[in-house]
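Below, each value reflects all heavy atoms present in this structure, side chains not excepted, and no hydrogens, waters or symmetry copies.
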Amino acid sequence: MEDRRPTHRASLSGSAAGSLVAALLGCCWLLAFPSSCNGQTLTTFHPERKEWAFNHLTVHQNTGALYIGAVNRVYKLSGNLTLLVSHDTGPEDDNKACYPPLIVQPCSEPLVATDNVNKLLLVDYSQNRLLACGSLYQGVCKLLRLDDLFILVEPSHKKEHYLSSVNQTGTMYGVIVPSSQGHDGTLFIGTAVGGKQDYFPTISSRKLPRDPESSAMLDYELHTDFVSSLIKIPSDTLALVAHFDIHYVYGFASGGFVYFLTVQPETPENGMSSSGGSAGDPFYTSRIVRLCKDDRKFHSYVSLPVGCVKAGVEYRLLQAAYLGKPGRVLAAALGVGAQDDVLFAVFAKGQKQFHRPPDDSALCAFTVRDVNARIKERLQSCYQGEGHLELNWLLGKDVQCTKAVSVGRGAERGGGTKSRLIPLNLEGCCDDPL
């Protein structure tokens with residue numbers, strides 16, 4: 001692989017980290033090499049049925065245990081792929097038209113045995129538990145004990161407990177901000193909604209009480225008649241772009257922020273449908289979304305396009321991402337320290353065929369420091385009245401930035417209602433008691 005400092009573009013279109021790679025994810029079995037690593041012997045693990053594909057895998061940072069979210073199962077494995085515990089999650093009788101789900105009230109729709117696709121698998125380290133969310137019953141979640149996958153709680157009696165009925169993996173991602181100093185944790189969730197924008201928010205933050213039996217489990221952090229810890233896709237957006245949705249490919253926390261990497265269809269700049277709502281092959285844009293960890297009103301929501309350019313070829317279709325620390329050589333090439341956060345992302349070529357991406361792909365590296373610097377530049381120019389908010393899908397049109405009275409700390413509140421989605425503190429997060 002070529003060893004050179006990546007080049008950047010002003011739109012945060014990114015950094016191509018040397019050579020192109022083709023990424024292949026094995027979804028139906030796992031391999032593990034023994035400690036001798038002689039290249040001959042290997043251990044495998046596969047589900048009971050080949051159609052019950054693996055959806056998510058997470059490795060415990062301290063114990064090394066593997067947790068796998070699969071269709072109809074959650075597994076716990078040892079480091080050498082020995083099965084320790086298996087927890088059944090499906091199939092169960094269900095119908096996606098049942099809302100609220102039939103586990104809450106009877107449903108008149110015909111019921112059929114339905115697979116439960118694992119859509120989210122997160123370790124809550126502060127409370128020694130595993131959050132597993134599936135596609136059954138409009139997308140309910142379970143909290144499982146890490147040791148034996150015993151069900152601690154399965155919240156399902158409030159509409160907030162239904163995250164999304166989309167049964168595709170790779171459409172939802174979550175980030176846990178752990179409990180600390182006597183405060184409960186927070187779960188940030190981004191999800192595709194499958195046309196049910198009235199039922200499900202595309203992004204939200206939920207309470208994660210330390211007590212699993214708490215009645216507030218997975219409630220919105222803030223929910224009033226005027227402001228809530230969520231954003232929904234407006235119905236008007238679907239009139240502009242048929243089947244519009246936002247796919248959340250990856251998410252992470254770093255410093256005082258939570259980040260999501262998304263892929264979504266482009267929306268017309270003038271608020272008018274260019275295709276009459278027809279279901280053609282739209283252009284997609286990959287974006288990085290940032291929120292303050294403690295922003296319960298989502299005023300700090302901001303996003304920028306992200307992608308790579310290699311030898312004049314653009315790679316804009318995000319496929320996968322991972323946050324890690326750089327090795328010595330890469331850290332030197334990127335101009336960061338060994339403990340700085342680096343985001344690695346794989347993009348397919350072009351901006352079309354998101355659901356059937358081309359084989360040509362690129363592995364790219366972004367330092368979180370650079371991401372924050374680009375966002376700061378974007379916000380500073382917007383506070384000067386330059387450019388647009390780039391939130392066509394949310395506002396119905398490309399709204400011009402409004403010049404603020406001041407961009408200094410604590411004095412930016414003169415920007416008017418149109419700039420309320422802009423963070424008030426360019427260096428960090430807003431100090432908002434609510």
Side-chain angles (χ1 to χ4, degrees), residues 6 8 12-15 17 56 58-62 120-126 131 172-181 183 185-190 203-206 208 221 229 248-263 286-296 298-308 318 320-327 330-347 363-380 421-432:
H8 297 272
L12 193 63
S13 304
S15 48
H56 295 99
T58 185
V59 181
H60 196 285
Q61 297 173 355
N62 302 320
L120 190 66
L121 193 72
L122 297 173
V123 176
D124 184 0
Y125 287 95
S126 64
L131 179 70
M172 175 189 290
Y173 214 90
V175 177
I176 291 178
V177 177
S179 57
S180 63
Q181 299 178 347
H183 297 286
T186 303
L187 172 66
F188 286 82
I189 287 282
I203 189 170
S204 59
S205 62
R206 296 22 175 44
L208 268 183
E221 278 277 283
S229 303
Y248 292 79
V249 179
Y250 187 65
F252 62 93
S254 179
F257 300 103
V258 169
Y259 303 79
F260 287 99
L261 279 88
T262 69
V263 181
S286 301
R287 304 187 72 87
I288 186 164
V289 174
R290 193 185 75 175
L291 285 160
C292 297
K293 284 181 178 179
D294 57 357
D295 176 16
R296 298 195 294 172
F298 281 26
H299 289 166
S300 62
Y301 183 101
V302 63
S303 73
L304 290 179
V306 63
C308 299
L318 179 69
Y322 181 77
L323 186 75
K325 305 295 183 183
L330 182 59
L334 296 175
V336 298
Q339 295 305 310
D340 283 4
D341 285 335
V342 175
L343 177 65
F344 300 92
V346 175
F347 296 85
L363 172 63
C364 313
F366 307 85
T367 69
V368 174
R369 180 191 303 176
D370 283 348
V371 171
N372 288 333
R374 296 297 178 90
I375 291 177
K376 182 177 179 179
E377 291 173 5
R378 176 71 186 90
L379 296 179
Q380 286 175 325
L421 289 168
I422 301 297
L424 303 180
N425 180 347
L426 296 180
E427 297 293 344
C429 289
C430 19
D431 298 320
D432 195 329

Sequence neighbours excluded, the answer for side chain to side chain contact (heavy atoms under 4.5 Å, CB included) partners of Val368 is Phe252, Ser254, Tyr259, Leu323, Asp341, Asn372
Value for OH (Tyr301) from CZ (Phe260), rounded to nearest 0.5 Å, stands at 10.0 Å
Here the gap from Ile375 atom CD1 to Ile288 atom CD1, rounded to the nearest 0.5 Å, amounts to 6.0 Å
side-chain hydrogen bond (donor to acceptor under 3.5 Å, both in side chains) filter on Tyr248, not counting sequence neighbours, yields Thr202
The side chain to side chain contact (heavy atoms under 4.5 Å, CB included) partners of Tyr322 (sequence neighbours excluded) come to Tyr250
Between the CG atom in Leu330 and the CZ atom in Phe344, the distance rounded to the nearest 0.5 Å is 5.0 Å
### Query
Which is it for Asp340 and Thr367 under the side chain to side chain contact (heavy atoms under 4.5 Å, CB included) test, yes or no, and what are the steps along the way?
CA-CA 8 Å; Asp340 283 4; Thr367 69; over 6 Å; no
Heavy-atom closest pair (Pro326 atom, Val336 atom, distance to 0.1 Å) is CG-CG2, 4.1 Å
(message) If you apply the rule side chain to side chain contact (heavy atoms under 4.5 Å, CB included), what do you find for Val258 with Thr186, and how did you get there?
(response) CA-CA 11 Å; Val258 169; Thr186 303; over 6 Å; no
- Task: Look only at the side chain of Lys325 and the backbone of Ala331, and say whether a donor-acceptor pair between them is shorter than 3.5 Å.
- Result: no
Residues Gly251 and Val175: closest non-hydrogen pair is C-CG2, 3.5 Å
If only atom types and distance count, is the side chain of Ser300 paired as donor or acceptor with the main-chain N or O of Cys292 below 3.5 Å?
yes
All heavy atoms of Tyr173 vs all of Leu120, minimum pair found to be C-CD1, 3.8 Å
The side-chain hydrogen bond (donor to acceptor under 3.5 Å, both in side chains) partners of Arg287 (sequence neighbours excluded) come to Ser303, Glu390
Distance col, row Met172:CE vs His56:NE2, nearest 0.5 angstrom, shows 9.0 Å
Heavy-atom closest pair (Leu187 atom, Ile176 atom, distance to 0.1 Å) is CD1-CG1, 3.9 Å
Residues passing the side chain to side chain contact (heavy atoms under 4.5 Å, CB included) test with Ser179, sequence neighbours excluded, are Ser126, Gln127, Arg210
Open item on the list: One pair to check against side chain to side chain contact (heavy atoms under 4.5 Å, CB included): Val249 and Val263. What are the steps and the verdict?
Closed with: CA-CA 7 Å; Val249 179; Val263 181; 4.0 Å; yes
Across all chains, not counting sequence neighbours, the side-chain hydrogen bond (donor to acceptor under 3.5 Å, both in side chains) partners of Ser204 are Arg206
Take Phe188 and Ser229 through the test side chain to side chain contact (heavy atoms under 4.5 Å, CB included) and record every step on the way to the result. CA-CA 10 Å; Phe188 286 82; Ser229 303; over 6 Å; no
Output for pair (Ile203 CD1, Leu291 CG), nearest 0.5 Å, gives 5.0 Å
Rounded to the nearest 0.5 Å, the CZ atom of Arg290 sits from the CG atom of Leu379 at a distance of 6.5 Å
Between Asp295 and His299, the two heavy atoms sitting closest are OD2-N, 2.8 Å
Scanning both residues in full, the closest heavy-atom pair of Gly335 with Arg369 reads O-NH1, 3.7 Å
